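See structure below.
First listed ligand is number 1; within each ligand, the first listed atom is number 1. Predicted model only: the values in this text are computed from it and were never measured.
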Amino acid sequence: MTFDTASISADAARQLRDFQARIAGIPYERKGVLFSEMFFLYLCAQRVAPRRVLESGRARGQSTLLLSVLFPDIPIVSLEHDPGSPDVAVANERLRGRERVDLRFGDATRILPAEVREGDVVLIDGPKGFRGLRLALRLLATGRPALVFVHDCGVGIAERSFLDRHVPGAIYSDSIEFARIARVLDATCWAGMPADRCFEGDRAPLAYGYGLACLPRNPAVPYRWLLVRAGIDGFLHRHSTAADAPQ
Ligand SMILES: C[S@@+](CC[C@H](N)C(=O)[O-])C[C@H]1O[C@@H](n2cnc3c(N)ncnc32)[C@H](O)[C@@H]1O
């Protein structure tokens, strides 16, 4: 199964109206994955017919609610690290009565490598940065998930450069080709988005939104070796940004 931006964008054009109907009336919850990004996830995931969706990082449950609406027939397992956060009550209320959604607490970096099964799709939206990327690579190294999505991999950041250099086949929700079709879904999210990451007319930015990476499992990719590389690159990145910080 190949994934490319052109064919996902073609699917987006065909399915946009149906998708809009499915999410009609769902309000956007701050800190959440964008509607267009969830559309991207849905279009990629429908090609692999997932058995379950695992989520790392629930917060106020925007992505969790969308997952439960978009994949009503399969289990959704959602992990959140912080049981003491005020977000917990918001997520619980939003997800009340959704029987196929299993709301768990714990550190996904410890739980998911043992939990992930053949045919699962995984969404990582916390931990962030290289920790999230390393979790994705560790899961792919098990050979079990069909697809792993990593949020906040926008153009210009170190994690995106790492993916561009080392992970063949990765595609991204922030492509302008996809955004020209899908951005209409996000009209209620734009207030909180950086101005250089959204657009209304034809003058497109370099990239759109926060950047959701789709990493299809590829047996030819040496994920264990990449895990080591990501550990080194993450260490160097932390130290270079610490050195750049004002004293
Ligand atoms: C940006 S928020 C998630 C937003 C959510 N996906 C949505 O669309 O509404 C990130 C969340 O990840 C959680 N998180 C961070 N590290 C984690 C870990 N190791 N395991 C599980 N959750 C984690 C944080 O506590 C925070 O609630």
Side-chain angles (χ1 to χ4, degrees), residues 19 22-23 26-42 44-45 52-71 76-96 98 101-116 120-140 145 147-154 157 159 172-174 182 185-186 188-194 197-198 208-215 227 230-231 234 238:
F19 188 87
R22 288 181 77 171
I23 64 164
I26 299 179
Y28 180 68
E29 189 60 59
R30 67 185 172 81
K31 299 190 197 175
V33 176
L34 298 174
F35 288 108
S36 64
E37 293 168 338
M38 294 305 291
F39 186 32
F40 173 81
L41 181 151
Y42 172 72
C44 295
R52 301 186 302 172
V53 183
L54 310 182
E55 173 182 62
S56 174
R58 177 168 68 249
R60 300 163 79 85
Q62 173 68 16
S63 50
T64 325
L65 179 58
L66 266 283
L67 291 173
S68 77
V69 169
L70 298 173
F71 302 97
I76 312 292
V77 177
S78 171
L79 278 158
E80 169 53 49
H81 200 200
D82 184 0
S85 164
D87 292 344
V88 171
V90 178
N92 287 349
E93 182 56 29
R94 254 169 108 70
L95 294 157
R96 192 144 42 104
R98 304 224 157 233
V101 184
D102 182 0
L103 300 179
R104 300 188 196 168
F105 289 98
D107 181 353
T109 64
R110 292 173 185 274
I111 296 168
L112 285 189
E115 175 70 38
V116 70
D120 286 345
V121 160
V122 184
L123 168 60
I124 300 172
D125 188 21
K128 300 287 184 181
F130 274 94
R131 282 195 72 213
L133 196 52
R134 287 205 311 276
L135 174 58
L137 294 169
R138 202 174 320 146
L139 297 177
L140 287 161
L147 301 175
V148 177
F149 293 85
V150 187
H151 197 224
D152 292 316
C153 284
I157 67 166
E159 293 79 3
Y172 302 92
S173 65
D174 60 8
L185 299 168
D186 296 333
T188 55
C189 320
W190 284 337
M193 278 168 69
R197 289 297 154 124
C198 57
Y208 174 82
Y210 302 112
L212 182 65
C214 169
L215 314 180
L227 202 43
R238 267 197 314 282

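Under a 4.0 Å criterion applied to the non-hydrogen atoms of V33, ligand 1 contributes the atoms 7 (C), 8 (O). Residue G32 has at least one heavy-atom neighbour below 4.0 Å for each of these atoms of ligand 1: 7 (C), 8 (O), 9 (O). Interface of S63 with ligand 1, defined as ligand atoms under 4.0 Å from a residue heavy atom, comprises 5 (C), 6 (N), 7 (C), 8 (O), 9 (O). Of all atoms in ligand 1, listed by their number and element, those nearer than 4.0 Å to a heavy atom of G106 are 20 (N), 21 (C). For ligand 1, the atoms closer than 4.0 angstrom to any heavy atom of A108 are 18 (C), 19 (N), 20 (N), 21 (C). Ligand 1 places these atoms under 4.0 Å from at least one heavy atom of A59: 2 (S), 3 (C), 4 (C), 27 (O). Near Q62, the atoms of ligand 1 lying under 4.0 angstrom from a non-hydrogen atom of the residue are 7 (C), 8 (O), 9 (O).
Nearest protein neighbour of atom 12 (O) of ligand 1, counting heavy atoms only, is G57 CA, 3.2 Å. Given atom 23 (C) of ligand 1, the protein heavy atom at minimum distance is H81 CB, 3.4 Å. Distance from atom 4 (C) of ligand 1 to its nearest protein heavy atom, with residue and atom name: D125 OD2, 3.1 Å. Nearest non-hydrogen protein atom to atom 13 (C) of ligand 1 is E80 OE1, 3.4 Å.
Ligand 1 has a nitrogen or oxygen under 3.5 angstrom from a nitrogen or oxygen of D107. In terms of polar-atom proximity, defined here as any N/O pair under 3.5 Å, D87 makes no such contact with ligand 1. Residue R60 has no nitrogen or oxygen atom sitting less than 3.5 Å from a nitrogen or oxygen atom of ligand 1, judged on distance alone.
Under the 6.0 Å distance and 45° angle rule, R22 does not count as a cation-pi partner of F39.
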